[in-house]
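Sequence lines set the chain letters: A, B, ... in the order given, protein chains first and strands last, and positions in each chain run from 1. Because the structure is a prediction, the values reported are computed rather than measured.
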2 protein chains.
Amino acid sequence: MNKVTLKELAKVLNMSVSTVSKALNDSHEISDATKKIVKKFAQERNYQPNPLAKYLKLGRSNSIGVILPSIGNPFHSQIIENLHNYASQHNFNLIIMQSKDSEEIETKAIKALLNQGIDGIIISPAHETSNIELLKKIHESTCPVIIFDRINYDLDTYKIGVNNFQSGFNATEELIKGGRKKIVILCGKNIGVTKQRLAGYEEALKRNSIEVNQNYIVYCNYNNSFEEFDNDLKEKIAYLMQDRATAPNAIFGTTDTLTTRVLGILADLEIQVPAELAVIGFANTEIANSLNPALSTIRQPTAEIASLSIEMLIKLIANKKNRSQIDFQEFKLDSSIQLRKSTDLSS
Amino acid sequence: MNKVTLKELAKVLNMSVSTVSKALNDSHEISDATKKIVKKFAQERNYQPNPLAKYLKLGRSNSIGVILPSIGNPFHSQIIENLHNYASQHNFNLIIMQSKDSEEIETKAIKALLNQGIDGIIISPAHETSNIELLKKIHESTCPVIIFDRINYDLDTYKIGVNNFQSGFNATEELIKGGRKKIVILCGKNIGVTKQRLAGYEEALKRNSIEVNQNYIVYCNYNNSFEEFDNDLKEKIAYLMQDRATAPNAIFGTTDTLTTRVLGILADLEIQVPAELAVIGFANTEIANSLNPALSTIRQPTAEIASLSIEMLIKLIANKKNRSQIDFQEFKLDSSIQLRKSTDLSS
DNA sequence: TTGTAGGCGTTATCAG
DNA sequence: CTGATAACGCCTACAA
C-alpha cells in the first residue's frame with residue numbers, strides 16, 4: 001500500500017534525497033557514518049527501491065524475453081529451468097512466452113515482450129522464416145535477439161543449437177552396429193532441425209552401404225489431438241510391419257514426443273522391443289529410464305544451450321555499440337547418447 | 001538503439017507532448033483530424049511507448065510473479081502453460097521463479113520478484129511455513145499473494161488446490177473395487193498435500209473394513225539423485241514383495257514422479273502389472289498413455305487451478321482497498337481419474 | 001481543442 | 001562529503 005520512498009527517508013533523516021540515494025548505493029563520496037545511519041533507517045522502514053523508477057532512469061529493465069514453441073515438453077522445460085539459473089546469476093529476470101508453432105502467436109509474443117521493456121530476446125522461432133522482418137528490425141535497433149535450437153534462420157546474430165546432422169548419424173550408426181539395417185526414421189515438422197537429423201540418418205546408411213528406403217521415412221502430423229496423433233502413428237507402423245519381407249527392425253525418433261509415444265504404440269501392437277524392433281531417439285525426459293523397456297536416448301545439452309544463450313545475449317545487451325559490426329558465431333553443440341534396454345541387442 | 005519518444009514526435013509535428021500523448025491514447029479532447037495525423041506519424045516512425053515510464057507513472061507493471069517448487073515436472077509445466085494463457089488474456093505478463101523446495105531459494109525468489117516491481121504473487125510454498133512472515137507482510141502491504149496447490153498455509157488469502165482427501169479416497173477405492181486389498185501407498189515429502197491424500201487412502205480402507213498396514217505406507221526420499229531415489233524405492237518394493245503372505249497387490253502413488261518411476265522399477269523387478277501389482281497414481285503427464293502398461297492416473301485440473309489463481313489475483317490487484325477486509329475463500333477442485341491398463345483387473 | 005507544468009521515484013551532474 | 005537540480009518518458013490536471 002504505502003510504499004516508502006527515498007524522499008520520505010530523506011525528509012525524516014533531514015538529508016537530501018541524493019545523499020540518501022548515494023548512501024544506499026554505497027557511493028564512495030558518502031561517509032561511512034552517514035551510510036550506516038541511512039542504511040539502518042532504511043531497513044527499519046523496510047525501504048524497497050522502486051524498480052520501475054530505477055529502470056526508467058537507467059534505461060534497462062534487467063529482464064530477458066524468451067520465446068519457444070511450447071513450455072510443456074521436457075526439452076523446453078529443461079531449457080527454461082537452465083535459462084533461469086544462468087539468468088538469475090546475472091541478476092536478470094526471465095519473461096517466457098510460447099508461440100505454439102504459430103507465426104501469429106509469435107508476433108503477439110514479440111510485441112508483448114517489447115511492450116514490457118525487456119532488454120533482449122532469446123527465441124526458438126516458430127518456423128524458418130517466421131517474423132523474420134520484425135525480428136531483424138528489432139535486433140538491429142532496439143533490442144538484441146539470440147536464436148537457439150531452430151537455428152536455420154536468416155538473422156545475423158549468435159545462434160546456439162546442437163549438431164543435428166551428427167546426432168542423427170550417431171543414432172543411426174548405433175542401430176546399424178547392433179545389426180539392424182531396416183531402420184524407420186520418425187520425423188515431425190519438416191523444418192531445418194528435422195532435415196539435418198534426417199540427413200545424418202541417410203549419411204549413416206550410405207556409409208554402411210544400406211540403401212535409403214523412402215517408405216521408412218515417416219512424417220507425423222503434430223497438429224492433431226493426441227489421440228489422432230497416436231492413431232495415425234500406430235496405423236503407419238502397423239502398415240510397415242505387416243509385410244514380413246520389408247518390415248523394419250529398428251526405429252529412430254527425431255523428437256521427444258515421437259520417441260516416447262512410439263513405445264506405447266509398440267506395446268499396444270504387441271511388438272517386442274528390442275527383439276523385433278529396436279528403438280532409439282531424441283528425448284530429454286528423465287522418464288526414459290522408467291519406460292518399459294528403458295529407452296535409449298539422444299540427449300541435448302540443455303544446460304550448455306541455456307548458458308551460452310544467456311551469456312551471448314548479456315554480451316550484446318552490455319555492448320550497446322552497433323550490432324551490425326559484430327562477428328556473430330553459430331554454436332553447434334554435441335548431443336550425447338544414453339544406451340538402454342530398447343537398443344540392447346546383445347542377447 | 002535510438003528509441004522514438006513522445007517528445008521527438010511532438011517536436012517534429014510541432015505540437016506539445018501532451019497533445020501527442022492524448023491523441024495516441026484516443027482522448028476525447030483531441031480532434032479526429034489531429035489524432036489521425038499523430039497516429040499516422042507515430043506508426044511511420046515506429047513509435048513504441050516506453051513501458052517503464054508508463055508503468056512508473058501508473059504505479060503498476062502489469063506483471064505477475066509465480067513461484068513454484070520446480071519448473072521441470074509435468075504438473076508444474078502444465079500449470080505454467082495455463083497461467084500463461086489466462087494471464088495474457090488479461091494483458092499480464094508472468095515472471096516465473098522456482099524454489100526447489102528450499103526456503104532460502106524461495107526467499108531470494110520473493111525478493112527478486114519484488115525487486116522487479118510485480119503487481120502480485122502466485123505461489124506454491126516450499127513448505128507449510130516457509131517465508132510465512134515475509135509473505136504476510138507483503139500481502140498485507142504492497143503486493144497481494146495467492147496460494148495454489150500447497151494450500152495448507154497460514155496466510156489469509158485466496159487458496160486454490162485440489163481435494164486431496166477425496167482424490168486419495170477415490171484412487172484407493174478404485175483399487176479395492178478391483179479386488180485388491182493389500183495396497184501400498186507411496187508418499188513423498190510429508191507436507192499437507194501428502195497427508196490428505198494419505199488420509200483419503202486410510203478412510204477408503206476403513207470404509208471397506210480393511211486394516212491399515214503401516215508397512216504399506218512408504219515414504220521416499222526426494223533429496224537424493226535420481227539413481228539413489230530409484231534404488232531406494234526399488235529396495236523397498238522388493239522387500240515388501242519377498243514374503244508371499246504379506247506381499248501387496250496394488251500400489252498407489254501420491255506424486256507424479258513416484259507414480260511414473262515405479263513402473264520402471266516394477267519392470268526391472270520383473271513384476272507383472274497389473275497381474276501381480278495394480279498401479280494407480282497422481283500424474284499429469286501425457287506420457288501416462290505411452291507407458292507400458294498404460295498408467296491409470298489421477299489428474300489434477302491444471303487449467304482450472306490456473307484460471308482461478310489468475311482471476312483471484314487480478315481481482316486483488318484491481319481492488320486496492322484494504323485486503324484485511326476481504327472474505328477469502330479456499331477452492332478445493334475435483335481431480336479426475338483415468339483408468340488404463342495398469343489397473344485393468346477384468347481378465 | 002490544444003498547450004503548460006508538474007510529478008511518478010530514481011540516479012547523475014555539478015556546485016558548495 | 002553533502003545538497004540542489006535536472007533528467008529518464010510518460011500521463012494528467014488545469015490553464016489558455
Problem - Closest contact, heavy atoms only, L83(B) versus A306(B) - result: N-CB, 3.5 Å
Exercise for the section: Check whether any side-chain N or O of S16(A) sits under 4.0 Å from OP1 or OP2 of dT2(D), and answer yes or no. Expected result: no
Completion exercise
From NE2 of H28(B) across to P of dA13(D) the rounded distance in Å is 11 Å
Fill in the blank from the handout: Value for CD1 (I123(B)) from CG (L135(B)), rounded to nearest 0.5 Å, stands at 5.0 Å
Practice task
Please give the angle, rounded to 10 degrees, between the axes at the start and the end of the helix from dT1(C)-dA16(D) to dG16(C)-dC1(D), where five pairs define each axis.
Solution key: 50°
Validation: residues 14-21 of chain A side-chain donor-acceptor distances under 3.5 Å, sequence neighbours left out:
residue : atom : partner : partner atom : Å
S16(A)  : OG   : S18(A)  : N            : 3.4
S16(A)  : OG   : S18(A)  : OG           : 3.1
S16(A)  : OG   : T19(A)  : N            : 3.1
S16(A)  : OG   : T19(A)  : OG1          : 2.8

Handout entry: side chain to side chain donor-acceptor pair (under 3.5 Å): pairs with one or both residues in residues 146-160 of chain A, sequence neighbours excluded
Key = D101(A)-R150(A), N152(A)-Q196(A), Y158(A)-K315(A)
Quiz: residues 35-49 of chain B side-chain donor-acceptor pairs under 3.5 angstrom, not counting sequence neighbours:
residue : atom : partner : partner atom : Å
K35(B)  : NZ   : S27(B)  : O            : 3.1
K39(B)  : NZ   : D26(B)  : OD1          : 3.0
K39(B)  : NZ   : D26(B)  : OD2          : 3.3

Handout entry: Euclidean distance, atom OH of residue Y55(B) to atom P of dG9(C) [Å, nearest integer]
Key = 18 Å
Problem - For atom NZ of K11(B) and atom P of dG3(C), their distance in whole Å - result: 16 Å
Handout entry: Separation of atom CG in L52(B) from atom P in dG7(C), rounded to whole Å
Key = 22 Å
Problem - Any T34(B) side-chain nitrogen or oxygen under 4.0 Å from OP1 or OP2 of dT1(C) - result: no
Handout entry: Spacing of Q116(A) atom CD relative to dC10(D) atom P, expressed in whole Å
Key = 15 Å
Anything under 3.5 Å between a protein N or O and an N or O of nucleotides 6-9 of chain D, put it in a table, one pair a line.
residue : atom : partner : partner atom : Å
dA7(D)  : N3   : K57(A)  : NZ           : 2.9

Exercise for the section: Could you note down all residue pairs passing ring-ring contact (aromatic ring centres under 6.0 Å, His included) where residues 99-143 of chain B supplies at least one of them, sequence neighbours left out? Expected result: H139(B)-F328(B)
Fill in the blank from the handout: One should read off an interatomic distance between E304(B) CD and F331(B) CZ, to the nearest 0.5 angstrom, of 11.0 Å
Practice task
May I ask you to say what T19(A) touches in the nucleic acid, namely base, sugar-phosphate or nothing, with a heavy-atom cut-off under 4.0 Å?
Solution key: base
Completion exercise
When every non-hydrogen atom of I67(A) is compared with those of I110(A), the smallest separation belongs to CD1-CG1, 3.6 Å
Practice task
Would you indicate what S21(A) reaches in the nucleic acid, counting non-hydrogen atoms under 4.0 angstrom: base, sugar-phosphate, or nothing?
Solution key: base
Exercise for the section: Would you kindly give the CZ-to-P distance between R60(A) and dT10(C), to the nearest whole Å? Expected result: 17 Å
Problem - salt_bridge(K100(B), E81(A)) N-O dist < 4.0 Å - result: yes
Practice task
Let me know the distance between CG of N25(B) and P of dT2(C), rounded to the nearest Å.
Solution key: 15 Å
Handout entry: OP1 or OP2 of dA12(C) under 4.0 Å from side-chain N/O of S18(A)
Key = no
Problem - Nearest-Å distance for atom pair CG/P, residues N115(B) and dT10(C) - result: 12 Å
